[in-house]
Amino acid sequence: MPTVESLLTAVFLPVALGVVMLGLGLSLTVGDFTRVLAHPRAVLIALVCQVVALPVICLGLVTAFGLAPALAVGMMLLAASPGGTTANLFSHLAGGDVALNVSLTAVNSALSVVTLPIVVNLSLVHFADPAAGIGLQFDKVAQVFAIVLVPVALGMLIRRLAPGFADRMHHPVKITSVVVLVLVIAAAVLENREILLDGVVAVGPLTLLFAVISLTVGYVVPRFARVDRRRSIACSMEIGIHNSVLAITIALSPALLADAEMAIPAAIYGLVMFLPAGVFAAVLARRARSGAASLPA
């Protein structure tokens, strides 16, 4: 498997993701976690879809497409990644329950510290050489915890102790983190462009298909379970828009998987998912407007 050893991927990419998670923490309160108790059905269905259904669906897809082992593990890593903060924006555009999105992102990020290494380890054993052993052992799981949850907790602490400062810093931190992440990931992609370009044809259509399936499952399953439309939209966006940056960081970081080929699915998904997510949001928003217009005055 091609490894990645550079200051860029070892230091700057995890730091950039940490800044993103800090920005998420600045927007969260304890109430965002406890709010899930008010909508237990929607939250439980969303988590089951995220943690169980999507990895199983992804396993079927990568098997059907006959992906190379590293690409298959990369797809499973993407499927196990929690929802991204971009889901909040698309949920707002589609008329979803954004507050539920925030709560789902918070709970999903915390849960992924446990579920993501399990999925990655099983995928490595299944698709790669079983003799190679487990890829994310306890010390590496601890690093995932540090990258994901520690900055979120720090941001929440800052918000609790200095809410005015947190409000002022939320947008600057968010903008800065996005700019830094784009630059760091672009540099990482450029650094590994030959490996990435080789995998575009093999995995590009699959990432697009997976995005469509994720969005559809995230909406249809809650609706069948009698979750109302706005919360179903929130579930759809949370389940359908994965945190590709987290998957890229785990794949590229020399302290974690250190495999540029495993980062290909997440890197491509991070580009192509905007199309199905945008179309899905537009269709749902139009249906919501049509439904509202048909109601009696």
Side-chain angles (χ1 to χ4, degrees), residues 24 27-58 60-61 78-112 115 170 174 207-244 246 269-270 272-297:
L24 173 62
S27 68
L28 294 176
T29 65
V30 174
D32 293 319
F33 287 88
T34 58
R35 189 189 300 122
V36 301
L37 300 176
H39 312 295
R41 180 187 297 177
V43 173
L44 180 61
I45 291 170
L47 292 179
V48 170
C49 287
Q50 176 73 55
V51 175
V52 179
L54 287 191
V56 170
I57 292 171
C58 187
L61 289 174
L78 175 65
S81 297
T85 53
T86 310
N88 299 347
L89 172 61
F90 281 101
S91 182
H92 171 70
L93 295 174
D97 187 339
V98 179
L100 178 59
N101 272 109
V102 173
S103 296
L104 285 172
T105 298
V107 174
N108 241 339
S109 297
L111 189 61
S112 68
T115 59
H170 174 61
K174 186 175 182 178
T207 56
L208 182 60
L209 177 60
F210 181 66
V212 172
I213 291 175
S214 298
L215 289 163
T216 304
V217 167
Y219 183 76
V220 171
V221 173
R223 291 299 283 159
F224 270 122
R226 300 181 186 177
V227 175
D228 69 45
R229 184 189 59 81
R230 291 187 68 242
R231 294 191 187 113
S232 295
I233 292 173
C235 293
S236 173
M237 296 305 168
E238 186 66 29
I239 294 167
I241 302 177
H242 299 269
N243 192 337
S244 57
L246 175 60
Y269 170 88
V272 303
M273 69 88 180
F274 285 99
L275 176 60
V279 171
F280 211 75
V283 170
L284 291 176
R286 179 175 297 178
R287 289 183 62 184
R289 288 194 298 269
S290 299
S294 64
L295 293 176

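Only a predicted model underlies this, so the values are computations on that prediction, with no experimental measurement involved.
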Legend entry - Minimum side-chain heavy-atom gap Phe90-Ile233 below 4.5 Å: no
Legend entry - Contact summary for Ala225 and Arg41, nearest pair of heavy atoms: O-NH1, 3.0 Å
Inset, instruction - Measure across Cys235 and Ala42 and return the closest heavy-atom pair with its distance rounded to 0.1 Å. - result: SG-O, 3.7 Å
Legend entry - Residues in side-chain contact (heavy atoms from CB on, under 4.5 Å) contact with Leu209, at least two apart in sequence or another chain: Leu61, Phe65, Ile213
Legend entry - Side-chain heavy atoms of Arg229 within contact of Tyr219, under 4.5 Å: yes
Inset, instruction - Measure across Leu246 and Pro82 and return the closest heavy-atom pair with its distance rounded to 0.1 Å. - result: CD2-CD, 3.5 Å
Inset, instruction - Applying side chain to side chain donor-acceptor pair (under 3.5 Å), name anything that partners Ser244, two or more places apart in sequence or on another chain. - result: none
Legend entry - Validation row: Met237, Leu215 side chains within 4.5 angstrom (heavy atoms): yes
Inset, instruction - Taking side-chain contact (heavy atoms from CB on, under 4.5 Å) as the test, write out the residues that go with Ser214, two or more places apart. - result: Leu54, Phe210, His242
Inset, instruction - Measure the spacing between CE of Met273 and CG of Leu78 and express it to the nearest 0.5 Å. - result: 10.0 Å
Legend entry - Minimum-distance pair of heavy atoms, taken over all atoms of Glu238 and Thr105: OE1-OG1, 2.9 Å
Inset, instruction - Sort out for me which residue in Val227, Leu100, Asn108 forms a side-chain contact (heavy atoms from CB on, under 4.5 Å) with Val43. - result: Leu100
